[in-house]
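Remarks on the structure that follows.
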Amino acid sequence: MTDRRRERHSATLGLADATSLSKRPRAVVVGGGIAGLAAATGLAERGVDVEVVEKEPYLGGRVGGWTDEDDGSDVPMNRGFHAFFRQYYNLRALLSRVDPQLRMLTPVTDYPLIDGEGRRDTFRGLPRTPPWNALVFALRSPTFRLSDLARIDARASAPLAAVSVPEIYHQLDHIDAETFLKSINFPESARHLAFEVFSRSFFAEPTQLSAGELATMFHIYFLGSSEGLIFDVANANFDVSLWNPLRDYLSGRGVGFRLGTPVQRVETVDGEFRVHTDGGALSADAVVLALDVNGLQHVLAASPDLGNDLWRAQIRRLRTAPSFVVHRLWLDRPVRPDRAPFLGTAGHPPLDNISVLERYEAQAADWARRTGGSVVELHSYAMDSATPSEAAIEQLHKLYPETAAAKVVQERVLRRSDCPLFTPGTYTRRPTVATPQTGLVLAGDGIRVDLPVALMERAATTGWVAANQLLAQWGVSGHDLFTVPTRGRSTLLRSLALRQIRGRA
Ligand SMILES: Cc1cc2nc3c(=O)[nH]c(=O)nc-3n(C[C@H](O)[C@H](O)[C@H](O)COP(=O)(O)OP(=O)(O)OC[C@H]3O[C@@H](n4cnc5c(N)ncnc54)[C@H](O)[C@@H]3O)c2cc1C
């Protein structure tokens, strides 16, 4: 945390510990992804009796990791490459519970972006403070020319420079990211790179993504924070580096874990919740539903007691982004030594990025050392079902020609669709952490929280907020949270933008 303008969101004060209440509250957290683990941590640290119930046999959800066995040898696998940005304050607070220096993470000092014409942008050595980071990026970028910059419609683009959350959603949520970018004359080539990377990080085509969400991303990563654009990655498979240590920490605080246990439904009986699984029912004073969109919709559909009609309709209307493919290849020869740990790609459909795992991950580095090979991961987002995952390998061969002759020693292909889709016009009707029912809260990256957070950090933040809301209900102190500033940090840009917006009105 180096940004002195980061914002603290102070928690409600109360009792130090729930064990001093006449009855120690019991909470069931459904879902063991980041959101569920943050909620479980927030509750357990205040003395609440917590049980985490997770459908999969591993923790971490979409950031999960596990080890397969193949012919007697271990094959470590993750749900896919993840970038841990420095402005992920609440996620880092969670991970620091088990590793205060965050040695489990290692910095990726550069991640080039390459477009269909071979132009390469880089984030190496950019100033960290806005707006200089954006200016220097644009000035030295081969995809952004000065004449392009001059053509950007300053008036229409004003909201980008002066993002305030949640106000930006009221300004821009009604249009899609593509239309917005066209309307401000954002250069076509730069759109592919700088913005498609953001919008496709949401697993959506720019036509399917709310411009409010895109502008919020731009604020979090570019103009609203001075933490910089450099990110860290986990230095070992996710189970080893992140979740096994956190599980041990939570077990030490009495948290129970039921893995490989899907929750079927939740009912209310005599003012208590009953959380039903195949293995029986768990009673609880409170329930955190920290599920992905599909999981939440399924549990809700089978739990007619919960919430009210309006809220249930909000959840039914949530949407999931198109499927994406994570393709991990163990190759019999190394990629060239100058290949970056992570490369973002545009104009190479369906491929969105390539990571070279032995550059940062212990298990892959060990395998590469032993065999002389390389472990490469390809991500393809917003895939249509007709595109075979092999199409990404063809792009790998074009971008890294040395891989074309390589033999694939092992491979794993994951095709999933469990990311939320934020289509235009949906912000105000998205469900929030609070629900119409006392003792029931939601968490997850698809849940609305009126703070500048996205993706993993939204998952972590909603998890902490869910814990805080339950703790407040019991009169127990919550946990302070941090975010990047909730409004554009430059007074000059803000006032210019306001003038532009007023001029337009
Ligand atoms: C390939 C990929 C790359 C990504 N890269 C990045 C990145 O670089 N940076 C970034 O910030 N974000 C990234 N993300 C997004 C990030 O993974 C998510 O925002 C975050 O993990 C969401 O966490 P969550 O806890 O909200 O949901 P999840 O992780 O989906 O957790 C929900 C949990 O609920 C469980 N569940 C579902 N149904 C049931 C049931 N009936 N009973 C019990 N449990 C159930 C699921 O198994 C899951 O474990 C990426 C996502 C993917 C898929």
cation_pi(Arg6, Phe482) dist<6.0 Å, angle<=45 = yes
What heavy-atom pair brings Ala44 and Leu250 nearest, and what distance separates the two atoms?
-> CB-CD2, 4.5 Å
State, with a plain yes or no, whether a side-chain heavy atom of Leu95 is found less than 4.5 Å away from one of Trp243.
-> yes
Apply salt bridge (Lys or Arg N to Asp or Glu O under 4.0 Å) to the pair Arg339 and Glu402, showing each step before the final yes or no.
-> CA-CA 11 Å; Arg339 299 301 185 199; Glu402 69 274 23; 2.8 Å; yes
Kindly indicate, with the supporting measurements, whether the criterion salt bridge (Lys or Arg N to Asp or Glu O under 4.0 Å) is fulfilled by Asp248 and Arg253.
-> CA-CA 9 Å; Asp248 291 346; Arg253 291 183 169 261; over 6 Å; no
Check whether any side-chain heavy atom of Phe84 lies under 4.5 Å from a side-chain heavy atom of Leu91, and answer yes or no.
-> yes
Within a strict 4.5 Å, meaning less than it, do heavy atoms of the Arg247 and Leu259 side chains meet?
-> yes
Indicate every side-chain donor-acceptor pair of residues 229-242 with a distance under 3.5 Å to a residue at least two apart or in another chain.
residue	atom	partner	partner atom	Å
Asp232	OD1	Arg86	NE	3.4
Asp232	OD1	Arg86	NH2	2.9
Asp232	OD2	Arg86	NE	2.9
Asp232	OD2	Arg92	NH1	3.4
Asp232	OD2	Arg92	NH2	2.6
Asn235	ND2	Arg103	O	2.6
Asn237	OD1	Asn78	ND2	3.4
Asn237	ND2	Trp66	O	3.2
Asn237	ND2	Met77	O	3.2
Asn237	ND2	Asn78	OD1	3.4
Asn237	ND2	Asp239	OD1	3.2
Ser241	OG	Ala236	O	3.0
Ser241	OG	Asn237	O	3.1

Please name all residues satisfying side-chain contact (heavy atoms from CB on, under 4.5 Å) with Ala406, sequence neighbours left out, ordered by chain then number.
-> Leu331, Asp332, Arg333
In terms of the angle between their ring planes, are Tyr427 and Tyr169 parallel, tilted or perpendicular, with boundaries placed at 30° and 60°?
-> parallel
Which word best sums up how the rings of Phe222 and Phe218 line up, parallel for under 30°, tilted for 30 to 60°, or perpendicular for over 60°?
-> perpendicular
Sequence neighbours left out, what passes side-chain contact (heavy atoms from CB on, under 4.5 Å) with Glu117? Give chain and number order.
-> Asp115, Arg119
Residues which pass side-chain contact (heavy atoms from CB on, under 4.5 Å) with Pro485, listed by chain and number, not counting sequence neighbours | Asp3, Arg5, Glu7, Arg489
Answer yes or no: is there a side-chain heavy-atom contact under 4.5 Å between Tyr249 and Val255?
-> no
Report the C-alpha separation of Ile114 and Leu399 in whole Å, then their side-chain angles, then the decisive distance to 0.1 Å, and conclude whether the side-chain contact (heavy atoms from CB on, under 4.5 Å) test is met.
-> CA-CA 9 Å; Ile114 194 162; Leu399 288 160; 4.0 Å; yes
Nearest heavy atoms of Thr320 and Ser417, plus distance in Å | CG2-O, 3.1 Å
Parallel, tilted or perpendicular: which describes the rings of Tyr221 and Tyr88, with under 30° parallel and over 60° perpendicular?
-> perpendicular
Result for side-chain hydrogen bond (donor to acceptor under 3.5 Å, both in side chains) between Arg328 and one of Glu411, Glu377, Gln410 points to Glu377
Distance-minimising heavy-atom pair for His9 and Leu451 | CE1-CD2, 3.4 Å
Could you check Val263 against Lys55 for side-chain contact (heavy atoms from CB on, under 4.5 Å), going step by step and ending with a plain yes or no?
-> CA-CA 7 Å; Val263 164; Lys55 175 179 75 161; over 6 Å; no
Residue that, paired with Phe81, satisfies ring pair (Phe, Tyr, Trp, His ring centres under 6.0 Å) out of Tyr381, Phe342, Phe324 = Phe342
Please report the closest heavy-atom contact between Val335 and Val376, naming both atoms and the distance.
-> CG1-CG2, 3.9 Å
For residues Leu209 and Ala204, report the shortest heavy-atom separation together with the two atoms involved.
-> CB-CB, 4.4 Å
Test side-chain contact (heavy atoms from CB on, under 4.5 Å) applied to Glu56 - qualifying residues, sequence neighbours left out | Glu54, Tyr58
Which atom names give the shortest non-hydrogen contact between Leu442 and Ile315, and what distance separates them?
-> CD1-CD1, 4.1 Å
Would Thr345 and Gln395 count as a side-chain hydrogen bond (donor to acceptor under 3.5 Å, both in side chains) if you check the C-alpha gap in whole Å, the side-chain angles of each, and the deciding distance to 0.1 Å?
-> CA-CA 10 Å; Thr345 64; Gln395 298 293 351; over 6 Å; no
Run the side-chain hydrogen bond (donor to acceptor under 3.5 Å, both in side chains) check on Arg128 and Thr2 step by step: do they pass?
-> CA-CA 10 Å; Arg128 284 156 59 130; Thr2 59; 2.8 Å; yes
Residues that Arg62 engages under salt bridge (charged side-chain N to carboxylate O under 4.0 Å, His left out), provided they are two or more places apart = Asp445
Could you walk me through whether Tyr400 and Arg336 pass the side-chain contact (heavy atoms from CB on, under 4.5 Å) check?
-> CA-CA 8 Å; Tyr400 292 179; Arg336 247 173 41 194; over 6 Å; no
Inspect the surroundings of CZ in Arg429 and state if more than 12 heavy atoms from other residues, nucleotides or ligands are less than 6.0 Å away.
-> yes
So, Glu178 and Lys182, do they make that salt bridge, N to O below 4.0 Å?
-> yes
Flag the pair Glu213 and Arg458 as a salt bridge only when some basic side-chain nitrogen lies within less than 4.0 angstrom of an acidic carboxylate oxygen.
-> yes
Looking at side-chain heavy atoms only, is the closest gap between Pro452 and Thr483 below 4.5 Å?
-> yes
Would you call Arg97 and Glu45 a salt bridge, using N to O less than 4.0 angstrom?
-> yes
So, do Leu329 and Val375 sit near enough that their side-chain heavy atoms are less than 4.5 Å apart?
-> no
Can you check side-chain hydrogen bond (donor to acceptor under 3.5 Å, both in side chains) on Asp173 and Ser210, steps first, answer last?
-> CA-CA 5 Å; Asp173 189 52; Ser210 149; 2.6 Å; yes
Mind running side-chain contact (heavy atoms from CB on, under 4.5 Å) on Asn468 and His479 for me, showing each step along the way?
-> CA-CA 7 Å; Asn468 282 353; His479 303 262; 3.6 Å; yes
Indicate yes or no: at least one non-hydrogen side-chain atom of Ser226 is less than 4.5 angstrom from one of Pro130.
-> yes
Quick one: are Asp176 and Pro206 in side-chain contact, heavy atoms under 4.5 Å?
-> no
Heavy-atom count around Asp71 CG within 6.0 Å, excluding the residue itself: above 12?
-> no
